[in-house]
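Read through the structure below, which is laid out as structure tokens, and then see the notes.
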There are 2 protein chains.
Amino acid sequence: MARSRAGIETRRRILDAIRELLALKGPEGTTLKAICDQADVQPGSFYNLFESKEQAILTVVREAIEAVDPDPGHEGIDTMADLVQAYIRFMEDDPSLARIYISIAVGGGVSDTRLEGRVRRHHRERAARFADAFAREHSDLPKDRARRRGELLLAALNGLALSGLIDDEFDFRGHALELLH
Amino acid sequence: MARSRAGIETRRRILDAIRELLALKGPEGTTLKAICDQADVQPGSFYNLFESKEQAILTVVREAIEAVDPDPGHEGIDTMADLVQAYIRFMEDDPSLARIYISIAVGGGVSDTRLEGRVRRHHRERAARFADAFAREHSDLPKDRARRRGELLLAALNGLALSGLIDDEFDFRGHALELLH
DNA sequence: TGCTGAGTTGAGTGTACCCTCAAGTTTTGA
DNA sequence: TCAAAACTTGAGGGTACACTCAACTCAGCA
């Protein structure tokens, strides 16, 4: 753990390096040497701050999982527009984290049983949040139908994000906004 | 290359092993030893049939990319229902390939520049196919709007597939069929 | 100013990886 | 039937990997 100014700064540089490498080169390219080169740090310094490479990567992965969910405090009162806008912001402001997030969701990268369960739990909570927002705006619909619509909207956003990651020219923002109708 | 009965059979066993390992353990878990154990083959035999581990994996990856596209002959005449049904079949009959497909699409696994271009090209062709099918069934819509709807439908399907891969209990089939309305 | 502990260094360790190859067995086809 | 070709074996080689550690520097503070 970092306890001094220098340590905190080094820790940040390392996490930045991992984030960039994961997004750019994938898990296979995120070697200790690559991380250390990118962060301009020696292995010994890395292991002074992190228990293992795996643990450091998991820190970034957790960050990605959390970043996709906006304002946890707003849970229970956010509108569909809020949720869609938040996703757009996530994709535009932090494409590296977005790529990592979708990547773990599929399980193609860091495959770890604990992580798999965490992703599933997170996904279900997120689906519920979408379902609630939708139900609030369409109180006429039966509860079950609202839930399914929430699931569908979340899936559509994830799919649009996927298209955006595959194809730089894809108009994620436009499509996402259209979803609101 | 396999030239005799035994070689062809061994080659099949190896590709089966890779397919299963990629889907179950991800690229990191798909080591030569794991492949050979699973296929009940020795390394020397592997290298008699494949140039490299990478080449063998790419064979499976290509298979996954192609498997998602049904009946290439029908291109230009398929209906939206055909395309959706084909995706459902792909997800249900070959979940390993489906996981691999979505996984490469994100770029989280085998990250290779050639592959990245191939995926992008494939994705664009696939979006065009959806757009065409949609335009054929809604000739009243302006061309551009039809294209965007095709893109959206493909993205939604991919997103639903993602949900299905994260959560076994997710009703992919039901949601996909509902998309047709 | 000098002590303490946090931070840094980089050569070095062991391991697991991908791949090779000489020697042997089996299959093919003339 | 038999020689050539295809296939299999498994020990072993070179490399790149994650990680360690003793020796060092440096910042913060009494």
Side-chain angles (χ1 to χ4, degrees), chain A residues 1-22 24-62 100 108-115, chain B residues 1-22 24-62 100 108-115:
Chain A
M1 239 322 147
R3 279 144 294 188
S4 84
R5 191 133 4 113
I8 290 167
E9 159 68 12
T10 303
R11 191 184 145 89
R12 193 193 51 73
R13 278 217 314 282
I14 290 173
L15 292 176
D16 285 351
I18 292 177
R19 206 176 300 118
E20 186 163 339
L21 284 167
L22 271 188
L24 222 61
K25 314 265 185 194
E28 312 233 341
T30 309
T31 63
L32 196 73
K33 183 173 175 354
I35 295 169
C36 289
D37 284 355
Q38 174 93 12
D40 202 20
V41 151
Q42 299 299 323
S45 204
F46 179 98
Y47 283 97
N48 179 52
L49 295 166
F50 295 94
E51 248 177 37
S52 66
K53 187 191 108 168
E54 199 58 25
Q55 185 236 319
I57 287 182
L58 278 181
T59 303
V60 171
V61 164
R62 267 193 286 270
I100 295 167
V110 198
S111 99
D112 180 333
T113 316
R114 280 169 310 161
L115 197 58
Chain B
M1 237 322 152
R3 278 146 294 188
S4 84
R5 188 130 8 110
I8 291 167
E9 159 68 14
T10 303
R11 190 183 146 89
R12 192 192 53 72
R13 280 215 313 283
I14 289 173
L15 292 176
D16 285 351
I18 292 177
R19 204 175 302 120
E20 186 162 340
L21 284 168
L22 271 187
L24 222 63
K25 314 266 186 192
E28 313 235 341
T30 310
T31 63
L32 196 72
K33 184 174 175 348
I35 295 169
C36 289
D37 284 356
Q38 175 93 12
D40 202 21
V41 151
Q42 300 300 323
S45 204
F46 179 98
Y47 283 97
N48 179 52
L49 295 166
F50 295 95
E51 247 178 38
S52 67
K53 186 190 111 171
E54 200 58 25
Q55 186 237 319
I57 288 183
L58 278 181
T59 302
V60 171
V61 165
R62 265 194 287 270
I100 294 167
V110 197
S111 95
D112 179 333
T113 316
R114 281 170 308 160
L115 198 59

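Note on naming: letters A, B, ... go to the chains in the order of the sequence lines (proteins, then strands), and numbering restarts at 1 for each one.
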Name all residues meeting the side chain to side chain contact (heavy atoms under 4.5 Å, CB included) criterion together with [X]; count only those two or more places apart in sequence or in a different chain, and write none if there are none.
| X | result |
| --- | --- |
| Ala34(B) | Leu21(B), Thr31(B) |
| Ser52(B) | Glu54(B), Gln55(B) |
| Leu32(A) | Cys36(A), Pro43(A), Phe46(A), Tyr47(A), Lys53(A) |
| Glu9(A) | Arg12(A), Arg13(A) |

* Structure fact -> d(Leu58(B) CG, Ile18(B) CD1) to nearest 0.5 Å is 10.0 Å
Nearest-Å distance, [atom1] ([X]) to [atom2] ([N])?
| X | N | atom1 | atom2 | result |
| --- | --- | --- | --- | --- |
| Ile57(B) | dC18(C) | CD1 | P | 8 Å |
| Lys33(A) | dC17(D) | NZ | C1' | 12 Å |
| Phe46(A) | dG7(C) | CZ | C1' | 15 Å |
| Lys53(A) | dA16(D) | NZ | C1' | 12 Å |
| Ile14(B) | dC7(D) | CD1 | P | 11 Å |
| Phe50(B) | dC7(D) | CZ | C1' | 14 Å |
| Glu28(A) | dC17(C) | CD | P | 12 Å |
| Arg13(B) | dC7(D) | CZ | P | 13 Å |

* Crowded around Gln38(A) CD? As in, over 12 foreign heavy atoms under 6.0 Å? -> yes
* Got Arg11(B) and Thr59(B) here, is their nearest side-chain heavy-atom distance under 4.5 Å? -> yes
* Which of residues 38-45 of chain B have a heavy atom under 4.0 Å from DNA chain C? -> Pro43(B), Gly44(B)
[X] side chain: which of [options] is closest?
| X | options | value |
| --- | --- | --- |
| Thr31(B) | dC19(C), dG7(C), dC17(C) | dC17(C) |
| Thr10(A) | dG7(C), dC7(D), dC18(C) | dG7(C) |
| Ala6(A) | dT8(C), dC19(C), dC7(D) | dT8(C) |

* Could I get the full list of salt bridge (Lys or Arg N to Asp or Glu O under 4.0 Å) partners for Asp40(A), not counting sequence neighbours? => none
* Tell me, please, which residues at least two apart from Arg62(B) pass side-chain hydrogen bond (donor to acceptor under 3.5 Å, both in side chains). => none
* **side-chain N/O Tyr47(B) vs dT20(C) OP1/OP2, d < 4.0 Å** => no
Detail all sub-3.5 Å separations between protein N/O atoms and N/O atoms belonging to nucleotides 26-30 of chain D.
from    : atom 1 : to      : atom 2 : distance (Å)
dG28(D) : OP1    : Arg5(A) : NH2    : 3.2

